[in-house]
Amino acid sequence: MKIRTTLTLKYTGVTATVFLICMILIYWVSERTRSNTFFHDLKSEAITKAHLFLNNRADAATMQSIYTNNKQFINEVEVAVYTTDFRMLYHDAIQNDIVKENREMIRQILQKKEIELHIGKYQGIGMVYPFNGKDYIVTAAAYDGYGYQNLEELQNTLCLLFVTGLSMLFGAGYLLARTSLKPIRDIVSEAERITASEISRRLPVKNRNDELGELSTTFNSLLERLEVSFNAQKMFVSNVSHEMRTPLAALTAELALQKERTPEQYRDTLNNALRDAHRMAKLTDGLLNLAKADYSKERIKMQEIRLDELLLDARSVILRAHPSYKVELIFEQESDDDRLITVRGNLYLLTIAFSNLIENNCKYAANQSSVVQISFWKEWAVIRLSDNGVGMSETEKQHLFTLFYRGEK
């Protein structure tokens, strides 16, 4: 997944979460407002009906008839009036009795003066209503159909707004991420134009103080180091060419036959020529080995190689070239599983690598000897090469894999 898509999804996710929280808060506040408003309406309706009844403005039968007729069309408020000793004076619909009053409720209303109730989908109130110097208990309950209908419409509107807003947020996030990452795409395009033949090209730096400017500056510093490295390689090739021309020129000149030379002079000439030939051979071998090691991975021939046979071959090569050297191979343990001692690699390069290590052991050891130990650990074959030479300093160890680096000793 590209960074542009990742940023878009993260931006949309975070914004959508905040958006959703805000909508939930809007819905919650709307519900609280509806509930409080309806409780207030219930109280007003309860007081109105209680006053009509207690003031003998309307008899119970008339009020119950009005309640029954209205209930067929609207969510009429059901009101009941009690004395403080729990004696019912009036009830709109005793057969329904939404509130279901009892003595404990009456006691609670007398104590708190007013209570609010939720009975299933209904809302109700209980209150102390003073009339002509006497306290009465009035209860009222109803279903807020109109309020819940408005709340449902609000819920549908919020859902539609959330889906629409989420789509718009995703589009805006994608455009914002695309615009923000355009300088990076420009840097990538410019970097693709930098090749080995155009290593001197540099990335443009518009603002050194922002992150992209720092990235371009860092990349340009890397290119400068690479250019120095390439120039060093060119210098190396030039120096090698010069070094090869020198022994070749000397060899050609020394082998030129001249009648006036004595046998002793010819012998000296041949000895000098032999030294130059050895020097050129070592230089050529080193260059060939370096060239092989620099091959791309797919061009190197890989095969299954037994490490014990490889080390025996490397030992033979060293002893043929240097009969005075001593190379001791120690197999600390034997394994019945050939896979532990078999690796996949290039036979020539591995032989050169181990030959160089063993030769360096012998060359810089006081007794010109090298000890090679082979052991196993889990699924690994472990090869240790040791000698009693001068060793390496901590500084030299830091340059262990630096090409052509030589220690002081």
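This one's a predicted model, so the numbers in the text were calculated from it and none came from an experiment. Here, residue 1 is the first one in the sequence, and each next residue gets the next number.
The shortest heavy-atom contact between Leu54 and Phe131 is O-CE2, 3.5 Å. Closest heavy-atom contact between Ser355 and Ile318: O-CD1, 3.4 Å. The two residues Ile125 and Phe39 come nearest to each other via the heavy atoms CG2-CD2, 3.5 Å. When all heavy atoms of Phe38 and Tyr143 are compared, the closest pair comes out as CZ-C, 3.8 Å. Between Glu101 and Ala80 the shortest heavy-atom distance is OE2-CB, 3.7 Å. Between Ile358 and Ala314, the closest heavy-atom pair is CD1-CB, 4.3 Å.
Asn96 contributes no side-chain N or O that, together with a main-chain N or O of Ile98, makes up a donor-acceptor pair within less than 3.5 Å. Side-chain atoms of Asp92 come within 3.5 Å of backbone atoms of Val79 as a donor-acceptor pair (strictly under, hydrogens ignored). No donor-acceptor pair under 3.5 Å is formed between the side chain of Ser35 and the backbone N or O of Glu31. Of the possible donor and acceptor atoms, none in the side chain of Lys49 sits under 3.5 Å from a partner among the backbone N and O of Ala140.
Between Ile47 and Val138 there is no side-chain heavy-atom pair separated by less than 4.5 Å. No side-chain heavy atom of Tyr148 sits under 4.5 Å from any side-chain heavy atom of Glu152. Between Glu76 and Glu45 the shortest side-chain heavy-atom distance falls below 4.5 Å.
Side-chain contact annotation: Arg315 with Ser370, donor-acceptor N/O pair under 3.5 Å absent.
Residue-environment remark: OH (Tyr27) exceeds the threshold of 12 foreign heavy atoms within 6.0 Å. Other residues, nucleotides and ligands contribute only 12 or fewer heavy atoms inside 6.0 Å of the NE2 atom of His40. Around CD of Glu153, the count of heavy atoms belonging to other residues, nucleotides or ligands within 6.0 Å exceeds 12. Around atom CE of Met88, more than 12 heavy atoms belonging to other residues, nucleotides or ligands sit under 6.0 Å away.
Partners of Glu116 by salt bridge (charged side-chain N to carboxylate O under 4.0 Å, His left out), not counting sequence neighbours: none found. By the side-chain contact (heavy atoms from CB on, under 4.5 Å) test, Asp41 pairs with Thr37, sequence neighbours left out.
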Intermediate values then yes/no, side-chain contact (heavy atoms from CB on, under 4.5 Å), Tyr146 and Asn150: CA-CA 6 Å; Tyr146 178 75; Asn150 289 338; 3.1 Å; yes

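The six-membered or imidazole ring of His91 lies away from that of Phe53, with a centre-to-centre distance of 6.0 Å or more.
With rounding to the nearest 0.5 angstrom, the CD atom of Gln398 is 11.0 Å from the CD atom of Glu396. Atom OG1 of residue Thr342 and atom CG of residue Leu307 lie 7.0 Å apart, to the nearest 0.5 angstrom. In this structure, CD1 in Ile341 is found 14.0 Å from CZ in Arg339, a value given to the nearest 0.5 Å. Interatomic distance, Lys121 NZ to Asp144 CG, rounded to the nearest 0.5 Å: 12.5 Å. How far CG of Leu151 is from OG of Ser30: 6.5 Å, rounded to the nearest 0.5 Å. Between atom OG of residue Ser324 and atom CG of residue Asn367 there is a gap of 11.0 Å, rounded to the nearest 0.5 Å.
Residue Leu310 is tested with Val343, Leu347, Ile383 for a side chain to side chain contact (heavy atoms under 4.5 Å, CB included); the sole match is Leu347. For the side chain to side chain contact (heavy atoms under 4.5 Å, CB included) with Ile109, the lone residue among Met105, Arg107, Gln111, Lys113 that qualifies is Met105.
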